[in-house]
Novice: 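There's a structure below that I have some questions on.
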Amino acid sequence: MMQWFDTLFPMAMILFPGVFTWFVRAGPQASDAARAARIRALHLRLWGGTAAALALFALLRLSGGLAGEAASYLWLAFFPLWFRAAMPLLQEKDPGWRPLRIETTRRAASLVRRDRVSPALQGARWVSWMLWAALVTALVLVLAQSAASQWWLLAFPAFGALQLAGGVYFSRLSALEPEPLAAAGAAELQRTYARLGVLKAWGWYSVTTAAMIAFGAAPLAAAWNDGELLEAAIWIGAGGGALVGIAGAALGITADLQRAKARRLYGEVAHRSEAGRGAGIHPS
Amino acid sequence: VLTIQLDSPLPIVDQIRLGIRQAIAAGALVPGDALPTVRQLAADLDVNLNTVARAYRELEAEGLVTTVRGRGTTVAAARERRREPERQRRERLLNELRTLLASARLAGLSRAQIETLFAEQASAIWPEE
């Protein structure tokens, strides 16, 4: 099973930047000849890099031995492919992917404190803490009856608790991400930011809760077998951890898509607002 | 929504202060409402943190908001606001109005234009009337 994982995971990671950018549509400005040429050159860089990384992976894998083992680390090629090739291409295809730069002289902002209106319900947080308490109680009961007395296994749910607390902190921090408004179309922008806010808050909540469950269930499965690491414990820990990581990445990408949408919308409405009324308070 | 104009002759700090003041006066912000953190408002408007912090300090000095360490800045209850004797308040408002009217005339605005502007702004402050 791990053999398949070691083959498929690096290939998927190497291919991801190319496949993802393939599905992002080019904006109407891409019809500009110079820009279209830049997009072609960036496509070449991305797919050239992807092909080279895949060829190296195949070569090392087929060589076997130590080189074959080292091939599984080629998933790290994802980072240069994503940051050096895919991101510049995405930004060229669609300006919504560029970092936000507020160039207008007329600026607007909401007067609502965002970190206080987190859409992640307090009730949902209580459910996570109750789950955590149930896992810790079960682990303590199993450890108390076990001959091996592997009390160090409690370090895992303790780390899970840190994850839950970190989730709340990072959720609040992400609410402070700039959300510039424009006097014209402010309501539409606010709705887009609100959708992004819901995604971020529930994203942090779901990922940290799932991680806490993995960190609570894996030692419980191990303690059940007198501290011996069962295959089940490995699968819960490694498999669960990998799934949490993939879900986190998927949420991050979805949030980036929402950000791109918000930036595009901001670009459209901000310049419309320049010709509007003066400073002050305007109805949203 | 608070709006500022970078190329306005009015300093940004005053635009922020007046904007929030106006929101409180119009009832868009009510006592107990939490204002955005200095960091949030500065990031959204893309202005310096110190500019927003200064506007908040000035609003606090006016008694319109209260800042509690760790809890942030909230709109002050009417009873917490600075009490000013009726006569003194009337005198101060009249002086501010005279200064404003003089500035408008010096800027070349006609009486009719001033009255229109006044009516527009009054509707924003008293939306219910």
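As the structure is a computational prediction, the values presented were derived from the model and not from experiment. So you know, we letter chains A, B, ... as the sequences are listed, proteins then strands, and number each from 1.
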Novice: Could you tell me if the side chain of A/L111 sits less than 4.5 Å from the side chain of B/L29, heavy atoms only?
Specialist: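 A side-chain contact exists here, since the closest heavy-atom pair is under 4.5 Å.
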Novice: Is there a donor-acceptor pair closer than 3.5 Å between any side-chain N or O of B/Q40 and the backbone N or O of A/V112?
Specialist: yes
Novice: Which residues pass the salt bridge (charged side-chain N to carboxylate O under 4.0 Å, His left out) test with B/E60, not counting sequence neighbours?
Specialist: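 For B/E60, no residue satisfies salt bridge (charged side-chain N to carboxylate O under 4.0 Å, His left out) once neighbours in sequence are set aside.
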Novice: Does B/L35 offer a backbone N or O that forms a donor-acceptor pair with the side chain of A/R113 under 3.5 Å?
Specialist: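 Here the side-chain-to-backbone pair does not exist.
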Novice: Side chain to side chain contact (heavy atoms under 4.5 Å, CB included) between A/R114 and B/D44: does it pass, once the steps are laid out?
Specialist: CA-CA 11 Å; A/R114 288 194 288 275; B/D44 287 0; 2.9 Å; yes
Novice: Just so I understand: if I count every heavy-atom pair under 4.5 Å between each of B/A34, B/A43, B/A26, B/P36 and chain A, which residue has the most?
Specialist: B/P36
Novice: Is it true that, when you exclude B/R54 itself, more than 12 heavy atoms of the residues, nucleotides or ligands shown sit nearer than 6.0 Å to its CZ?
Specialist: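 No, CZ of B/R54 has 12 or fewer neighbouring heavy atoms, counting only those of other groups under 6.0 Å.
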Novice: I'd like to know whether CZ of A/R195 has more than 12 heavy-atom contacts from other residues, nucleotides or ligands below 6.0 angstrom.
Specialist: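 Correct, the count exceeds 12.
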Novice: Is atom OH of A/Y169 surrounded by more than 12 heavy atoms (other residues, nucleotides or ligands) closer than 6.0 Å?
Specialist: no
Novice: Test side chain to side chain contact (heavy atoms under 4.5 Å, CB included) on B/T3 and A/R107; report intermediate values, then the result.
Specialist: CA-CA 6 Å; B/T3 310; A/R107 295 170 184 184; over 6 Å; no
Novice: Heavy-atom count around A/W22 CH2 within 6.0 Å, excluding the residue itself: above 12?
Specialist: no
